[in-house]
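Worksheet for the structure shown next.
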Amino acid sequence: MADRYFHNQMPDYVPEPPSPNSIPPHTPVSDSLANLLHLPFQTLSQRLKNAALDLKDAVVKETWTATGKRVSDYTLYTGALGTAFLLFKAYRVTGDENDLQLCSDIIKACNSASRSSGRVTFICGRAGVCALGAVVAYHKGDEQLCRQYLTQFKEIKLSEDLPDELLYGRAGFLWACSFLNKNISEDAISSTRMRAVADEIMKSGRKLANERCPLMFEWHGKKYWGAAHGLAGITNALMDVDLKPDEVEIVKGTLRYMIKNRFPSGNYLSSEGSDRDRLVHWCHGAPGVALTLVKAAKVFGSEEFLQAAIDAGEVIWNRGLLKRVGICHGISGNAYVFLSLYQLTGKPEFLYRAKAFTCFLYDRAQTLISEGIMHGGDRPYSLFEGLGGMAYLFLDMTEPSLAKFPAYEL
């Protein structure tokens with residue numbers, strides 16, 4: 001199991017130095033990671049920003065320019081829309097209008113490529129193209145284009161046999177609705193439309209429920225727990241809907257079931273009945289569940305969910321320094337748990353842990369990838385598997401109080 005992650009030898013906590021000009025204490029020049037951990041956050045964030053912008057340019061070159069500006073994979077997960085999402089983030093950090101325009105151009109190409117895909121979610125489907133297109137047009141001040149994308153979004157049809165999970169199912173479409181309402185206006189997508197989708201999810205989840213767990217879902221023959229295909233991702237999307245009192249209790253009961261039946265280590269099952277305590281990823285395991293629990297603590301004002309999220313954070317600190325770089329199943333994604341906990345609690349220890357994971361990536365990731373020790377992702381420049389996700393994290397670390405896991409936190 002340990003071959004999946006690096007043993008975390010970083011100190012549990014290094015307090016911020018008293019002034020930006022402080023010299024890191026007792027750290028040898030050769031220990032570059034230790035020096036980074038002792039840097040004032042203001043100094044470090046500027047380095048991360050510069051590195052992120054260099055990575056962003058490399059991602060654009062490899063995924064857009066080198067392809068002749070043609071789109072074969074349009075998705076946010078591994079394709080061109082992920083590059084657009086990174087560019088939009090860069091624009092919001094730097095204000096560079098060139099990034100916003102390039103983002104818009106890539107979305108236009110993704111729009112053409114996705115028309116006949118049949119997929120309907122934010123991360124892997126057409127809803128992501130239309131939703132991001134509308135939001136970017138809104139930021140450009142192009143009202144006509146914004147309306148066009150919104151119209152196309154509203155034309156998306158959900159089939160009766162659609163699964164319920166986040167990457168390919170109803171929860172992924174529902175999250176896209178919430179993204180539009182968050183970033184354009186509260187009624188960009190009507191509560192009636194969202195309510196209808198939530199009703200279908202609830203109906204489906206109750207069919208497979210049992211006396212111990214009030215919601216259960218199946219995808220490709222397995223009852224998954226994690227963020228990508230299971231309970232964590234589906235309940236995460238449901239919590240953005242105005243739930244009825246009984247539905248609130250159903251969501252709470254589902255999360256309590258997961259907490260009660262987690263592994264003795266504190267990690268979470270990848271699927272119902274699994275006895276393999278291996279995966280500490282956003283997609284499967286503690287990280288994705290932890291982000292959902294933080295959200296539950298906010299939405300329900302619940303100390304029990306906050307404590308469970310903190311417990312999951314300990315698993316991630318000890319076993320989440322993965323030998324992978326990405327957002328979905330890598331160090332970049334795992335760092336977001338600490339950022340989410342920091343935002344909710346204000347405790348500097350969580351910000352430090354996000355800083356530590358980020359510093360590890362900044363200091364060592366590209367060297368370890370080149371040496372074959374660390375996996376750079378099957379699509380090495382993509383948002384969810386590769387360096388695109390690392391660049392996104394670096395940009396988020398410039399304003400940690402505003403950081404959000406891409407396409408999962410609003």
Side-chain angles (χ1 to χ4, degrees), residues 2-11 14 24 27 29-39 41 43-63 77-78 82-83 85-87 89-90 93 279-283 285 287-288 316-339 351-398 400 403 405-406:
D3 63 346
R4 303 183 68 86
Y5 59 90
F6 298 103
H7 179 58
N8 188 352
Q9 297 179 309
M10 294 180 286
V14 175
T27 53
V29 174
S30 61
D31 193 346
S32 53
L33 178 56
N35 281 326
L36 287 170
L37 294 177
H38 286 84
L39 280 178
F41 198 90
T43 304
L44 176 65
S45 66
Q46 187 58 50
R47 292 193 189 184
L48 292 172
K49 180 179 175 182
N50 293 338
L53 295 177
D54 288 343
L55 282 168
K56 179 260 297 180
D57 290 341
V59 169
V60 170
K61 180 181 177 181
E62 294 293 331
T63 63
Y77 190 87
T78 51
T83 301
F85 204 72
L86 175 60
L87 284 162
K89 179 66 180 179
V93 170
L279 305 181
V280 185
H281 304 167
W282 169 79
C283 47
I316 297 157
W317 178 247
N318 292 313
R319 292 169 52 193
L321 207 60
L322 303 175
K323 293 183 178 179
R324 291 176 175 267
V325 72
I327 289 279
C328 182
H329 34 271
I331 297 173
S332 298
N334 287 357
Y336 276 94
V337 173
F338 303 122
L339 287 168
L351 179 58
Y352 161 75
R353 290 189 170 190
K355 173 183 174 181
F357 272 38
T358 306
C359 284
F360 185 94
L361 288 168
Y362 176 83
D363 187 61
R364 301 181 180 181
Q366 297 205 60
T367 299
L368 291 169
I369 290 169
S370 68
E371 294 173 349
I373 298 170
M374 193 172 186
H375 198 300
D378 293 329
R379 287 85 165 182
Y381 291 91
S382 65
L383 183 66
F384 265 65
E385 288 186 356
L387 294 175
M390 188 168 83
Y392 199 98
L393 171 65
F394 287 3
L395 288 169
D396 257 338
M397 286 296 290
T398 65
F405 190 106

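- Salt bridge status for K89 with D396: present, with a side-chain N to carboxylate O gap under 4.0 Å.
- Scanning all heavy atoms of the two residues, the minimum distance from A354 to A335 falls at CB-O, 3.9 Å.
- Under the 4.5 Å side-chain criterion, counting only non-hydrogen atoms from C-beta, L322 is in contact with H281.
- Remark: E371 CD to Q366 CD distance equals 12.0 Å, nearest 0.5 Å.
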Enumerate, atom names and distances included, each donor-acceptor pair closer than 3.5 Å involving a side-chain atom of residues 44-52, sequence neighbours excluded.
| from | atom 1 | to | atom 2 | distance (Å) |
| --- | --- | --- | --- | --- |
| S45 | OG | F41 | O | 3.2 |
| S45 | OG | Q42 | O | 3.0 |
| Q46 | NE2 | N50 | OD1 | 3.2 |
| N50 | ND2 | Q46 | O | 3.4 |

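- Among T78, T83, I327, V59, the single residue meeting the side chain to side chain contact (heavy atoms under 4.5 Å, CB included) criterion with S382 is T78.
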| request: Evaluate the side chain to side chain contact (heavy atoms under 4.5 Å, CB included) criterion for residues V14 and H38: first the C-alpha distance (whole Å), next the side-chain angles of each, then the deciding distance (0.1 Å), finally the verdict. | output: CA-CA 7 Å; V14 175; H38 286 84; 3.6 Å; yes
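- Rounding to the nearest 0.5 Å gives a distance of 8.5 Å between CG of L55 and CG of L86.
- Heavy atoms from other residues, nucleotides or ligands lying under 6.0 Å from CZ of F85 number more than 12.
- Looking at R4 and L279, their side chains come closer than 4.5 Å, going by heavy atoms from C-beta outward.
- Ring geometry for F357 versus F338: interplanar angle over 60°, hence perpendicular rather than tilted (30 to 60°).
- Atom CZ of F384 sits about 10.5 Å away from atom NE2 of H329, to the nearest 0.5 Å.
- In this structure a side-chain-to-backbone donor-acceptor pair under 3.5 Å is present from E385 to R379.
- Applying the ring-ring contact (aromatic ring centres under 6.0 Å, His included) test to Y336 and every residue at least two apart in sequence or in another chain returns F405.
- Judged by distance alone, the side chain of N8 and the main-chain N or O of N318 form no donor-acceptor pair under 3.5 Å.
- Taken to the nearest 0.5 Å, the NZ atom of K323 stands 8.0 Å off from the CD1 atom of I373.
- Listed here is the closest heavy atom pair of P287 and N334: CG-OD1, 3.1 Å.
- Side-chain atoms of L339 and L351, non-hydrogen and from C-beta on, do get closer than 4.5 Å to each other.
- Residues satisfying the side-chain contact (heavy atoms from CB on, under 4.5 Å) test with I369, not counting sequence neighbours, are V325, M374, L387.
- For the residue pair A90 and L53, the shortest heavy atom distance occurs at CB-CD2, 4.4 Å.
- Note that the SG atom of C359 and the CZ atom of R364 stand 10.5 Å from one another [nearest 0.5 Å].
- The shortest non-hydrogen separation linking T398 to P400 is C-CD, 3.7 Å.
- In terms of heavy-atom proximity, Y352 sits nearest to L37 at OH-CD1, 3.9 Å.
- Scanning both residues, L36 and Y362, for their nearest heavy atoms gives CD1-CD2, 3.6 Å.
- A side-chain donor-acceptor contact under 3.5 Å links H375 to the backbone of G377.
- Here CG of L393 is found 5.5 Å from OG of S332. Values are rounded to the nearest 0.5 Å.
- Within the 6.0 Å centre-distance limit, the rings of F6 and F360 are counted as a close aromatic pair.
- Looking at I316 and V280, their side chains come closer than 4.5 Å, going by heavy atoms from C-beta outward.
- T358 has its side chain within reach of F394: a pair of non-hydrogen atoms, C-beta onward, lies under 4.5 Å apart.
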